[in-house]
Amino acid sequence: FWLNSQPVRAPMAGNVGNNPKTELVIFLQRFIRRTLTKGDVVYTNNGQDELFMSTVTLACYNGQEFTGEFCANEKMAEQSAAAAALQAFSEEIATLPPKMPKAKTNIPRNEKLLALPEPTNNKTELVKALQAHCRRAMTKTDVVYENVQVGEAFQSTVRLHCIGGVEYAGEVCPIEKQAEQTAAAQALLAQATWMPARAVTTAGKVADVTNPKTSLVMYVQAHIKRTLSKEDVMYSCDPVEGGGFQAVVNVACFGNRHFIGHVNATQKGAEASAAAVAKEALETELGQAPPAKRSKLEAMTGLATLRQGNTWVPTAGMPALTWAAAAAVPPGGSLGATAATVPRHRVAGAAAAVACGPRRKLAVDVTGVVIDWHPSGYGFIQAHTPVDDPAARLRGGRIFVHIKDMLPGCPPLSKGSMVQFSVYADAKGLGAAEVNLLM
């Protein structure tokens with residue numbers, strides 16, 4: 001049968017906020033004399049014509065089921081089912097002894113803490129001791145427990161990778177948790193014999209210099225003397241004809257330098273290849289990461305310049321990135337102070353000329369649409385008519401466009417802009433020059 005109007009609610013001792021689901025849990029815990037688990041009380045909801053009906057199954061008490069009335073939402077339907085269960089157990093609820101309130105004490109809080117100390121957790125204490133010893137936070141792989149079964153009992157061994165991988169074995173215990181606690185206790189007893197901590201990076205993690213992407217980030221950070229942001233090094237990866245992937249990495253903090261990796265079977269491998277190409281090219285041009293603290297631009301180049309009279313003269317192998325800034329330094333000025341005043345597109349343009357090599361002009365008066373544009377001043381164009389040239393294989397046929405290649409007076413571009421331009425090819429693929437916005 002169905003309950004009419006509002007759910008029927010049975011009175012019981014210790015009513016908690018007139019919440020039938022909470023009242024049902026409290027009653028069942030007192031009635032069966034144990035704490036309930038997630039599977040002890042299960043609600044099953046059904047909807048019909050934007051109304052909901054719920055059935056509660058008491059797996060902890062012979063699997064009895066009780067169904068509530070139709071309600072406007074599932075939450076109210078579950079409360080109705082709980083109220084129906086409470087109504088069915090009204091006699092049992094009445095026979096329960098009243099719940100005695102907790103006695104209040106006037107013990108000051110600090111004295112109460114002293115009177116009731118927290119039980120010692122050896123695993124927690126071991127982590128605290130290791131953090132103080134290594135002077136950094138512990139990671140998941142720094143402290144590893146290995147448990148083996150000995151008959152019907154367990155023995156645990158804790159390995160401390162953060163201090164050379166030393167191991168400590170605990171006592172045989174009936175359960176695994178106790179075995180791990182005894183292993184941690186043995187490690188704490190041997191604290192005086194711990195060896196020095198393993199060398200780590202400032203972030204508390206061991207640097208994986210074998211990863212080309214990580215290696216590139218570390219190299220760039222060493223040059224520009226700051227932590228990189230997500231926008232400083234960006235990867236784009238496209239599938240290529242015949243299978244595989246090819247990635248392009250944009251080192252935006254070095255004047256939006258682009259480097260293309262080799263075709264790889266996976267996207268992750270393609271990005272790693274692009275990172276390796278970028279680092280090799282930057283090391284060839286800029287040298288090893290500078291050990292000493294210098295101005296940001298000098299740190300990027302790793303080279304110095306000499307000034308003779310009113311003219312800057314490069315040292316051997318000085319890249320165009322330094323030339324672009326040096327040309328703007330007034331007599332008596334410094335290269336580092338000028339880095340912030342040189343227009344970004346001038347530095348980027350000079351650097352790009354070194355990286356990409358000579359341009360081959362392919363077509364003029366080509367039209368297309370901007371399919372990607374970055375706030376830093378570069379993007380990609382999709383031509384309305386495909387360009388027939390071997391360089392079109394690179395970048396998936398997309399045409400690279402930079403703010404330096406826009407005609408004077410051309411309004412800013414954005415994704416979806418219609419443009420007219422000429423097409424050139426270089427070592428990295430197709431590019432757009434003499435770009436103008438079509439109104």
Side-chain angles (χ1 to χ4, degrees), residues 216-217 220 223-224 226 228-238 247-260 274-275 278 281-282 285-286 296-297 299-301 319-328 338-357 359 361 366-383 391 394-439:
L216 174 62
V217 168
V220 175
H223 272 284
I224 66 176
R226 67 169 174 83
L228 297 189
S229 65
K230 187 182 289 187
E231 293 75 20
D232 286 326
V233 179
M234 296 179 289
Y235 293 85
S236 60
C237 191
D238 295 306
V248 178
V249 58
N250 172 26
V251 186
C253 52
F254 271 167
N256 288 311
R257 302 283 300 278
H258 291 75
F259 302 92
I260 301 176
L282 291 173
E285 179 180 339
L286 308 178
K296 287 188 177 181
L297 190 59
M300 283 191 288
T301 61
L321 179 61
T322 308
W323 263 112
T338 311
T341 63
V342 178
R344 186 186 183 113
H345 67 274
R346 286 180 57 192
V347 178
V354 173
C356 302
R359 295 180 174 184
K361 196 166 185 177
V366 180
T367 60
V369 59
V370 177
I371 59 174
D372 190 17
W373 185 257
H374 294 268
S376 51
Y378 74 96
F380 292 92
I381 300 172
Q382 187 70 53
L394 305 175
R395 299 187 180 126
R398 299 179 303 169
I399 301 174
F400 177 74
V401 57
H402 196 278
I403 190 173
K404 67 182 179 63
D405 288 311
M406 294 168 58
L407 290 175
C410 178
L413 300 183
S414 61
K415 186 175 180 180
S417 297
M418 302 291 292
V419 290
Q420 184 178 32
F421 53 94
S422 61
V423 180
Y424 67 85
D426 60 19
K428 293 187 177 182
L430 300 180
E434 302 172 337
V435 181
N436 196 16
L437 183 66
L438 293 177
M439 299 299 181

Find the distance between CE (M234) and CG (N250) and round it off to the nearest 0.5 Å.
4.5 Å
For the residue pair E231 and P375, establish whether any side-chain heavy-atom pair is separated by less than 4.5 Å.
no
Are the side chains of L438 and T367 in contact, using a 4.5 Å heavy-atom criterion?
yes
Is the closest side-chain heavy-atom distance between N256 and H374 below 4.5 Å?
no
About how many Å separate CG of D405 and SG of C410, when rounded to the nearest 0.5 Å?
11.0 Å
Report yes if some heavy atom in the side chain of D232 is under 4.5 Å from a heavy atom in the side chain of V220; otherwise report no.
no
Which heavy atom of M406 sits nearest a heavy atom of P411, and at what distance?
CE-O, 3.3 Å
I399 and A383 have their tightest heavy-atom pair at CD1-CB, 3.8 Å
Which heavy-atom pair separates A275 from Y235 by the least distance, and what is that distance?
CB-OH, 3.3 Å
Might you point out which heavy atoms bring I403 and W373 nearest each other, and give the distance in Å?
N-CH2, 4.5 Å
I'd like to check the ring-ring contact (aromatic ring centres under 6.0 Å, His included) partners of F380; sequence neighbours left out, ordered by chain and number.
F400
Are side-chain heavy atoms of L413 and V435 found at a separation under 4.5 Å?
yes
Tell me the closest heavy-atom pair linking K415 and D372, and the distance in Å.
CG-N, 4.5 Å
Are F421 and I381 close enough that some pair of their side-chain heavy atoms sits under 4.5 Å apart?
yes
In Å, rounded to the nearest 0.5 Å, how long is the span from CD1 of I260 to OG of S236?
9.0 Å
What closest approach, in Å, do A425 and L430 show between heavy atoms, and which atom pair accounts for it?
CB-CD2, 4.2 Å
For D238, salt bridge (charged side-chain N to carboxylate O under 4.0 Å, His left out) partners two or more places apart
R398
